[in-house]
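Beneath this line is the structure, given in structure tokens, with notes to follow.
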Number of protein chains: 2
Amino acid sequence: MVRMTPPKPSLEMLRTLTDENVLRSLMAHPRLTRAEISARTGISKPTISDSVQRLAGAGLVVDTGERTTGRGRAGSYYSLSPLLGAALVAAITPHGVVAEAVDALGHVHGRVRTALEANAGSQVAAEALVTAAGQLAGRIPGRLRLAVVSAADPVDRGTGRLVHLPDAPFLVGDLDPATVLATTVSGPVLVDNDVNWAARAEHQAGCAKGVDDFVYLHLGQGLGCAVVSDGVVRRGHRGLVGEIAHLCTAGPDGLAMAFTEVFAVLGLRRPSSTAIDVPVLQELLARHDEQAERVRAVLVRAIGGVLSAAVSLADPRMVVIGGEWGPYPGLITAIDEHFSRTPRPVPLTAAVLSSPELTGARSRAVEELRSLIVRTARPAPEA
Amino acid sequence: MVRMTPPKPSLEMLRTLTDENVLRSLMAHPRLTRAEISARTGISKPTISDSVQRLAGAGLVVDTGERTTGRGRAGSYYSLSPLLGAALVAAITPHGVVAEAVDALGHVHGRVRTALEANAGSQVAAEALVTAAGQLAGRIPGRLRLAVVSAADPVDRGTGRLVHLPDAPFLVGDLDPATVLATTVSGPVLVDNDVNWAARAEHQAGCAKGVDDFVYLHLGQGLGCAVVSDGVVRRGHRGLVGEIAHLCTAGPDGLAMAFTEVFAVLGLRRPSSTAIDVPVLQELLARHDEQAERVRAVLVRAIGGVLSAAVSLADPRMVVIGGEWGPYPGLITAIDEHFSRTPRPVPLTAAVLSSPELTGARSRAVEELRSLIVRTARPAPEA
DNA sequence: ACCTTTAGGCAAGAGCCCTTACTAGAATGG
DNA sequence: CCATTCTAGTAAGGGCTCTTGCCTAAAGGT
């Protein structure tokens, strides 16, 4: 359903729109003269001058003091006020926390890495997150106005909390980023799982660039996937799109079973855990004896079953495979070969980005920060 | 990615927006005085008067000649011009063609039904469609400005043509509604399959009203489903979302096989066809002997496998079951019971609407016609 | 007959954007 | 050194839209 009620027209709306044009121009280009903004937006010079004056008065935009050089009169460069603040981008995995601050221009202002011991627990992760956020907050001129968090666990869409699904590993553990960051970050905290952010990154700058419908299959310690439909990562009602542990597929002897169950039967799960034993699996994928071939064939068919579901329910233009062991060279070609014999084959590609979850979260953070700035025509109070 | 470049502000834009407010008001209410429009939109009376005068001059709006009665000065009623035309809504199944004309108010102006003999072929269906469209075009004051077509086959999203997938029945047959209707309909022809339209209908007015994430499972002669995500029916890259014939699920003896294969093994397909034999299946669902129970158990488990895929990849808030034999009372409760023992159960409901595909297509037609009218009201963007 | 109520019109005013024309200032070229 | 040329920015005026406030017209109630 499209918007039923168009917005009420008013002169204030026009002014706001002009200001938005100016701000967006300065977000795309670090410094511009009023004449350049005018040329870029197609809005007349006097109108731009008015808007810049308004925005400068409100503290959103500052005269940098720099001047143009070259023929003609020197122009004054304007840019976004540094006090507009930044967004926190954080990725939490069982191995550690990575956090950075990013401003409305998309520039990264600092990066903090905290390693975590295995099984350190969500409490420790939460502390590492807060510490990192605090350090970053001290390094930037403004304050942290929002946060975008990637977590290596399913995320409840409504609450932003990490959720534990049956028979799926709970890698990070019970954690509520919004609560944890409430004191350090003044605005909204957006949380999603790493696979979804990775898919976003591959969509914007990776192997799925420009592909508006694709599926990203993550094969690592956990099993997950992301569904990008009409250019957007779809999350579903609770945010659990792509939690494929229980997807019905083919196991050994052609028996139907849950995807995660296949790994259990093959002995590829870590002891007393529902997580995949990645080292064992990688070692197995490297071998070429008969037993390894047999296991690999089972895996390929199981993954094929998952892809048949993805093709049926998402109709992707391509399938991207990522994760710790998914893009293993021999595996992809084997899946591809199996897949090409199915009734609806789809091109298969390995993910190409490193730390895609951070890239994806960062792009969302920049987007969100920009729209926050445009929405609130108000300067961030000094830190 | 949200819009990067906001629209350029101008007074013309305000005027256009005012006109759109007026038109949308008159689309929601058949006749209104200028004062009523003003009250409804919150825009001042003089502005509305200007706009109505403009639109009346352009022929989009007409003074009906009627006047208000009651206290106070009598006001003139205005309404949309009947010459604005209508949209064609058509549903094509192997059994026949149903077509109607609908105007911008959502009123149905005529309905034509043409029965088709079994296996009549797509040629005959195309002729029936053209004939029906021609009849309807003669019954309305304006002309047919667009068409929305429902077809009981998968539809290619890019071309609007019906496509034949391996191992799925090709019920209507090779048909290109856009070409067929080119002479009768002056504008765009939107085509989608009946399951997607049915899901749209259930979303807007049926059992999934207000539910922005759900899955509609169609169990009839063909097997299909629709995925509604974030309030919109998702179609995927080629428009083949929901073509679940090859989805890997559990068959007899717990063997993994394609969904449609289960029916083949159970002997529930029509002879030398990939279509489900609905009468046989219905008869079987009504029986209660041991063999029927056994077959039913297999079906329930197979459908359960499909639903596990839907839950994993779409995370619906609910599952709606429609189709000729899907909403069979005993079947739904059996699926529900089986489903409730899975790790991620989701509420199950039977579809409630009759001819949902027509309802869904009609609502899209009205929406599209309205937006077409609003678009043509604004000055044509120069080439 | 008079009052109340409502639709609609008119006039004044403010705001926003645009065009045109002008001024200011910096590099270039003789 | 001065004139030229080119560009940034400003000023003035105009057109357009929306709003407020007041007025008239017309119908119903008292």
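Chain letters run A, B, ... following the sequence lines, proteins first and then strands; every chain starts at 1. The basis for the numbers below is simple: all heavy atoms, side chains too, and nothing from hydrogens, waters or symmetry mates.
As rounded to whole Å, 12 Å separates atom P of C:dG15 from atom CD of A:E12. Remark: P of C:dC18 and CD1 of A:I43 are 6 Å apart, rounded to the nearest angstrom. Here the P atom of nucleotide C:dG9 and the CD1 atom of B:I48 are 13 Å apart, to the nearest Å. Taking atom CG on A:L17 and atom P on C:dC17, their separation rounds to 9 Å, with Å as the unit. C:dA7 atom P lies 16 Å from atom CD of B:E66, rounded to whole Å. Between the CD1 atom of B:I37 and the C1' atom of C:dG9 there is a distance of 16 Å, given to the nearest Å. Going from atom CG of B:D50 over to atom P of C:dG8 covers 14 Å, rounded to whole Å.
For the OP1/OP2 pair of C:dG8 and a distance below 4.0 Å, the side-chain nitrogens and oxygens of B:R73 include no atom meeting the criterion. Phosphate proximity of C:dC17 to A:S44: absent, as no side-chain N or O sits under 4.0 Å from OP1 or OP2.
Listed for the B:R145 side chain is a donor-acceptor partner under 3.5 Å among the backbone atoms of B:L84. Distance alone, capped at 3.5 Å, is enough to place a donor-acceptor pair between the B:S186 side chain and the B:L144 backbone.
Contact of the A:V149 side chain with the A:L181 side chain is registered, since non-hydrogen atoms from C-beta on lie closer than 4.5 Å. In this structure, A:E202 and A:V228 have side chains that are not in contact, with every pair of non-hydrogen atoms separated by 4.5 Å or more. Between B:T359 and B:Q204, the closest side-chain pair of non-hydrogen atoms is not below 4.5 Å.
In this structure, B:S38 OG and B:N21 CG are separated by 11.0 Å, a value rounded to the nearest 0.5 Å.
Between B:P46 and A:E36, the residue anchored nearer the 5' end of DNA chain D, judged by the nucleotide with its closest heavy atom, is A:E36. When each of B:Y77 and A:T18 is assigned the nucleotide of DNA chain C with its nearest heavy atom, B:Y77 is the one assigned upstream, toward the 5' end. Mapping B:K45 and A:L14 onto DNA chain C via the closest heavy atom, the residue that lands nearer the 5' end is B:K45. Each of A:T33 and A:L11 has a nearest nucleotide on DNA chain D; the 5'-most of these lies closest to A:T33.
When DNA chain D is scanned 5' to 3' for any atom under 4.0 Å from a heavy atom of chain B, the first and last hits are D:dG15 to D:dG29.
Within the 4.0 angstrom heavy-atom criterion, only backbone atoms of the sugar-phosphate kind lie near B:S49; the bases stay farther away. Backbone-only contact: A:S76 has heavy atoms under 4.0 Å from sugar-phosphate atoms and none from a base. Counting any heavy atom pair closer than 4.0 Å across all strands shown, A:G75 reaches sugar-phosphate atoms only and no base atom. Here B:T47 lies in heavy-atom contact (under 4.0 Å) with a base.
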Strictly under 3.5 Å: I want the nitrogen or oxygen pairs between protein and nucleotides 28-30 of chain C, one per line.
| unit_1 | atom_1 | unit_2 | atom_2 | d |
| --- | --- | --- | --- | --- |
| C:dT28 | O4' | A:R71 | NH1 | 3.4 |

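Just one of A:D213, A:D212, A:D230 meets the salt bridge (Lys or Arg N to Asp or Glu O under 4.0 Å) condition when paired with B:R234; it is A:D230. None of A:S49, A:S51, A:S44 except one satisfies the side chain to side chain donor-acceptor pair (under 3.5 Å) rule with A:T47; the exception is A:S44.
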Worksheet entry | Derivation and outcome, side chain to side chain contact (heavy atoms under 4.5 Å, CB included), residues B:K8 and A:I43 | CA-CA 7 Å; B:K8 189 177 150 185; A:I43 300 172; 3.9 Å; yes
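Counting only residues at least two apart or in different chains, salt bridge (Lys or Arg N to Asp or Glu O under 4.0 Å) contacts with residues 33-55 of chain B comprise B:D19-B:R54.
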